[in-house]
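Written out below as structure tokens is the structure these notes cover.
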Amino acid sequence: MNLSFYPVDITYEVKDGKPIIKLFGRTTDGKQVCVLDDSFEPYFYVQGTVSEKKLESVQKDEFKVVRVEKCKKNVNEKEEDLFKVIVNIPKGVPVLKEIIVDMTGVKKVYEYDILFTRRYLLDKKIVPLTKTKVVGEKIAANCKVDCIKAKSIKKESDEIIEPRIVALDIETYNPDNSLNAKKNPIIILGLYGDNFSRVVTWKKFKTSNKYIEFVSSEADMLQRFAELITEYQPDIITGYFTDGFDFPYIVERAKINKVELDVGLDYSTIDIRGRTRKEASITGIAHVDIFKFIIRVIARSLKTDQYSLNAVANELLGATKHDVDIEHLFDVWDKGGKNIEQYCEYNLQDCKLTYDLTIKLLPNLIEFVRIIGLPIFDVNRMSFSTFVEWYLIKKAQEFNEIILSKPGHNEERERMHDRIQGAFVYEPKPGLYEKIVVFDYRSLYPSIIASLNISKGLVNCKCCKKASRINTDRGEFWFCTKQKGFFSEIISELITHRAKIKKELKQKQNPLLAAQVEALKVLANSFYGYLGFAPARWYCIECAESTTAWARHYIHKAIDSAKKEGFDVLYSDTDSVFVQLGKKSKKDALDWVKKINDDLPGLMELEFEGFYPAGLFVATKASESGAKKKYALLDEKKHITIKGFEAVRRNWSIIAKEVQQEVLRLVLNEKNTENAKKFVRETIEDLRANKIPVEKVVIRTELSKTVEGYSTVSPHVAAAKRMEKDGKKVSGGTIVSYVVTKGKGKIRDKVKLPHEVKQKDYDGEYYIDHQILPGVERIFDVLDVHIDELTKNTKQKTLEHF
DNA sequence: TGACACTGCTTACCT
DNA sequence: ACAGGTAAGCAGTGTCAT
């Protein structure tokens, strides 16, 4: 029989000494299937002078070499003769590799650490979630879905699955404020999918909500959960932090209640792996923990600095969680009755938000699946470095390159000491400026790697005398001009491919294309960092050093040229140049940038970023010199871009940020220094009189480690200690909120938690001296306004000034 | 003993 | 577990004059 299907999940099993790949997915007519392939063999590569016969005879326990093939592959971009050693079962690869690496004549072994299922997808060029053609026979097997034994299997087209998705969320009984799965039961379990809402709970109350379903115990609820999943037949189960919380909790409670959760398509149960960083997987269904994707990949493009479901849903969906007192759910539960209902509604809303977030971010996730070629479960849990690494691994096949091995522990430690000189930052002169034009190099680091052929295998070749050379602290480097680099060529493709899609996107908006453009940008921008990342397979310190050195070269070139041309250069950071037009016109600026571009190699390009009628640079706190990475620009639509100022830092109080923002607005937009002064003075008076509400004086700071890990007790650590006293768990990643109150001693001695503080308690003087004034002082310096004019509120002082 | 300068640790930003 | 460059607060320490 022939069939087309979209693979969702992949595993393998060993039967009769032979590995069988199992691809779970959905056919084009909507049925779930499992496609079996027993034709794929595990292998690795050996480099050295050793006889094939000797290699063929290697065996240990049930593992043995099946056969050996001679082949030619590029090792770090140079062709070499290698042996491909084929092994009977996947687990034999690391075992037999250990034996072979010690044999005389063997120089190195490669590709022994690529997971069998991933190897299968890459070698067979099968892309998960993408239409795949199978010829095969239906066979009987212990499986919830039809099993097809494949004779042939290959990618059919780029068509993508429309997955069935269900979102999961649980609420637990929690009287002691600790999330203890051994002690406290799950009391509400919700699911939300396409035309599907269900909340299961085990205490009855009167309700007209049709989606609420009552069972008689926690055990029955868990059982019902498994049934509902089986009935709904999802391709994807999604949740918010379900790797770390919901699934481990469900599994623990199932164990305690002796419930068999055979939700896997092969009747297996939910598998929880890892202790500190848990991962929950279900055979045949892709578990997406959308929180992980958000925090690792999406986070830096979001405005919010909190990644709670509420904050993220608010920004991405414009929707929020239901407002209930979740801390007292246990109390309501104990009392029973109708009050439980609001928590069921709350639970379903969480499921819905998670579902909607997943729908929204799915195009982005799928794009990475398509680019990298691994299952969505894997891609969901990857970070920038792994994206780059797996993309390189996939591309290695096309280039016939050997996949380099991961560094050993010692090598990784040594690499950690390597430091690369980074970007150049131009010191601005503090001041309020007019008519500013900003230029920047488009994708500076990727375009340098592409245009200067920067690649690990081409460093300081013996053959090229004419290659452009760059001087660095580490020495002089050049890259072979006679061949295209593996690394540089891949980036080059990425950049041109992205530019092409971006052009298409301009013609017609399309969320899939937008996601593709975004994914390619994320990937290209991660390449440079990867080069200097200690655990990387293609680590290349010379490449990284050269990339930044060339970047400094080209930014200086732009700065010098702009000055020569008569522009007043105000600032520059890494890839940008800020110039003041002065008597020159916008056209002069555009002409100049054109001239620069005529001189740039390859894909490099300096772009016009924007025109700003006004901009402000300030001095540093410590000296009179200009502060880098701190400025504000007013654009022609009166919008202000603020960089680096306290107003955009999360560990400053709202009142301090608001005041600074308003001062910047009054200064840049309205050019009204008097109003700015007045505004600050009024706020200071309000703080002195404790008129500013407590929530505006709360300071929020993230803990980077547990309380014990700190050598000095700073205010946020003092606050964390108070939280622990309250019975709250705090650790790295916890955001602590605190208020500085009146009293004696160090600031940390005056720290209290927001709920402990009444309106009159906070220390207005602290907020004036340590929050408001530091934020505006350097701005007023630029306007020649002395700080006394802000703090002393006598009218005479103001009059005196004029 | 107190004012002050300086350092180290820490957080959070910019590109 | 992508990179380096930068500002700034607070606690702690050292210095100096008293």
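First the proteins, then the strands, lettered A, B, ... as listed; each starts at 1.
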Quiz prompt | Stacked cation flag A/Arg118 on A/Trp390, 6.0 angstrom / 45 deg | solution = yes
Exercise. May I ask you to establish whether A/Arg381 and A/Phe377 are in a cation-pi arrangement, using a distance under 6.0 Å from NZ or CZ to the six-membered ring centre and at most 45° from the ring axis?
Key: yes
Quiz item: Are there more than 12 heavy atoms of other residues, nucleotides or ligands under 6.0 Å from atom NZ of A/Lys395?
Solution: yes
Self-check item: Nucleotide range of DNA chain C lying under 4.0 Å from chain A heavy atoms
Solution: C/dA1 to C/dG12
Quiz item: ring pair (Phe, Tyr, Trp, His ring centres under 6.0 Å): which pairs involve residues 532-551 of chain A, sequence neighbours left out?
Solution: A/Phe486-A/Trp538, A/Trp550-A/His553, A/Trp550-A/Tyr554
Practice problem: Kindly say whether A/Ile699 contributes a backbone atom to a donor-acceptor pair with the side chain of A/Arg650 at under 3.5 angstrom? | Solution: no
Quiz item: Counting distance only, does the side-chain N/O of A/Gln660 pair as donor-acceptor with the main-chain N or O of A/Lys657 below 3.5 Å?
Solution: no
Quiz prompt | Members of residues 648-656 of chain A that approach DNA chain B, where some heavy atom sits under 4.0 Å away | solution = A/Val648, A/Arg649, A/Arg650, A/Asn651
Quiz item: When you measure from every atom of DNA chain B, which of residues 408-424 of chain A have a heavy atom less than 4.0 Å away?
Solution: none
With [X] via side chain to side chain donor-acceptor pair (under 3.5 Å) - residues at least two apart:
| X | answer |
| --- | --- |
| A/Asp568 | none |
| A/Thr304 | none |
| A/Arg273 | A/Asp271 |
| A/Glu489 | none |

Quiz prompt | Rounded distance (nearest 0.5 Å) linking atom CG of A/Asp289 with atom CZ of A/Phe241 | solution = 7.5 Å
For a quick test of your reading: what N or O donor-acceptor pairs under 3.5 Å do the side chains of residues 732-741 of chain A make, sequence neighbours left out?
| from | atom 1 | to | atom 2 | distance (Å) |
| --- | --- | --- | --- | --- |
| A/Thr734 | OG1 | A/Ser731 | N | 2.9 |
| A/Thr734 | OG1 | A/Ser731 | O | 2.9 |
| A/Thr741 | OG1 | A/Lys750 | O | 2.7 |

Quiz item: Near DNA chain C, under 4.0 Å by heavy atom, which residues of residues 384-395 of chain A?
Solution: A/Phe384, A/Ser385
Self-check item: Electrostatic pair A/Glu646-A/Lys630, nearest N-O below 4.0 angstrom
Solution: yes
Quiz prompt | Nucleotide interval of DNA chain B bounded by contacts with chain A (heavy-atom cut-off, under 4.0 Å) | solution = B/dC9 to B/dT15
Practice problem: List for me each residue that meets side-chain contact (heavy atoms from CB on, under 4.5 Å) alongside A/Tyr112, sequence neighbours excluded, and say none if there are none. | Solution: A/Phe44, A/Val93, A/Lys97, A/Val109, A/Ser405
